[in-house]
Amino acid sequence: MAKAKSATVKLCLAQEPEADKLLSEDSFALLTGMLLDQQFPLEHAFRGPKKIADRMDGFDIQRIAEADTEAFEELCATPPAIHRYGRSMARRTQELARYVGEHYDGKTERIWTQGDPDGKEVLRRLKDLPGYGDQKARIFLALLGKQLGVQPKGWEAAAGAYSEAGSRRSAADIVDGESLLEVRAFKKQMKAAAKKS
């Protein structure tokens, strides 16, 4: 059975206390931060939900889903924007909020708790989310397992290399400023290797 998130969990992805507090306390904020983590520095991506919260007077999945699309795009694109591509990421964030609302009654945790799923099923559910591909889904599953104590049966096999203990591959491995730099160095190395091949 997947264990629930402990109230004492303190994520360190945004490298900013208030933004990290929101990510630690709100599963949809964490899901959104992960969504924004592409073509943008990781810690800035994970600060996106806090920017939305500040501008909407709180971070609320239902209010995000129901917001006027144009007004929400404007809110997200206003400097400092939530992402380099503020408007398109605003649309993706709304799609994600609507999907979680429609499929999980707006309760993000149900993605990994509803029906006591195993790791393979949680991965499938994550891959079904708008804006989540295979790699992003595996990283999020590893993040759940490594940092939030959500460890459904077979989660390590489903997350693949991202679940390796002591690795510095992704957001799942960031616990402080130093590990962020190590993950960044690993990604740089991988890009360089990919260019050579």
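The distance from the CD1 atom of Ile52 to the OG1 atom of Thr32 is 6.0 Å, given to the nearest 0.5 Å. In this structure, SG on Cys76 lies 13.5 Å from CZ on Arg92, to the nearest 0.5 angstrom. For the atom pair Asp54 CG and Phe59 CZ, the distance stands at 11.0 Å (nearest 0.5 Å). The distance from the CG atom of Leu11 to the CD1 atom of Ile174 is 10.5 Å, given to the nearest 0.5 Å. To the nearest 0.5 Å, atom CG of residue Leu148 and atom OG of residue Ser24 are 8.0 Å apart. The CD atom of Glu164 lies 4.5 Å from the CZ atom of Arg169; values are rounded to the nearest 0.5 Å.
Remark: Arg87 engages Glu74 in a side-chain hydrogen bond (donor to acceptor under 3.5 Å, both in side chains) (not counting sequence neighbours). A search for salt bridge (Lys or Arg N to Asp or Glu O under 4.0 Å) contacts involving Arg91 returns Glu73, not counting sequence neighbours.
When every heavy atom of Ser163 is checked against every heavy atom of Trp155, the shortest pair comes out as CB-CZ3, 3.7 Å. Of all non-hydrogen atoms in Pro117 and Pro152, the two that sit nearest each other are O-CB, 3.3 Å. The heavy-atom pair separating Tyr162 from Ser167 by the smallest distance is O-OG, 4.3 Å.
Between Phe140 and Trp112, the ring-plane angle classifies as tilted under the 30° and 60° cut-offs.
The hydrophobic clustering, which links ILVMFWY residues whose side-chain heavy atoms are closer than 4.5 Å, places Ile111 and Tyr99 together.
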side-chain contact (heavy atoms from CB on, under 4.5 Å), that's the test. Do Thr93 and Phe72 meet it? Break it down for me. CA-CA 10 Å; Thr93 300; Phe72 188 68; 4.2 Å; yes
Please walk me through it: do Leu129 and Leu126 pass side-chain contact (heavy atoms from CB on, under 4.5 Å)? CA-CA 5 Å; Leu129 296 173; Leu126 289 167; 3.8 Å; yes
Can you check side-chain contact (heavy atoms from CB on, under 4.5 Å) on Arg55 and Thr78, steps first, answer last? CA-CA 10 Å; Arg55 296 166 191 185; Thr78 300; 4.2 Å; yes
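Judged purely by distance below 3.5 Å, without hydrogens or angles, the side chains of Glu109 and Tyr104 never pair a donor atom with an acceptor atom.
Among pairs with a residue in residues 122-151, those fulfilling salt bridge (charged side-chain N to carboxylate O under 4.0 Å, His left out) read Glu121-Arg124, Glu121-Arg125, Arg124-Asp128, Lys127-Asp134, Asp134-Arg138, Lys146-Asp173, at least two apart in sequence or across chains.
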Name the atoms and distances for all side-chain donor-acceptor pairs under 3.5 Å in residues 63-70, with sequence neighbours left out.
from	atom 1	to	atom 2	distance (Å)
Arg63	NH1	Met56	O	3.1
Arg63	NH2	Met56	O	2.3
Glu66	OE2	Gln62	NE2	3.1
Asp68	OD2	Glu70	N	3.3
Asp68	OD2	Ala71	N	2.9
Thr69	OG1	Gln94	OE1	3.2

Check residues 34-49 and write down every donor-acceptor pair under 3.5 Å in which the side-chain atom is one partner and the other belongs to a residue at least two apart or another chain.
from	atom 1	to	atom 2	distance (Å)
Glu43	OE1	Arg184	NH2	2.5
Glu43	OE2	Arg184	NH2	3.2
His44	ND1	Arg47	NH1	3.3
Arg47	NE	Ala14	O	2.8
Arg47	NH2	Ala14	O	3.1

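Other residues, nucleotides and ligands place no more than 12 heavy atoms under 6.0 Å from the CG atom of Asp57.
Considering only heavy atoms from C-beta on, Leu143 comes within 4.5 Å of Leu30 through its side chain. A heavy-atom distance below 4.5 Å is not found between the side chains of His103 and Arg110.
No donor-acceptor distance shorter than 3.5 angstrom exists from the side chain of Glu182 to the backbone of Arg168, with no hydrogens or angles considered. Between the side chain of Asp20 and the backbone N or O of Leu13, at least one donor-acceptor pair lies under 3.5 Å.
Met190 belongs to a hydrophobic cluster with Phe186, counting contacts under 4.5 Å between side-chain heavy atoms of Ile, Leu, Val, Met, Phe, Trp and Tyr, direct or through other members.
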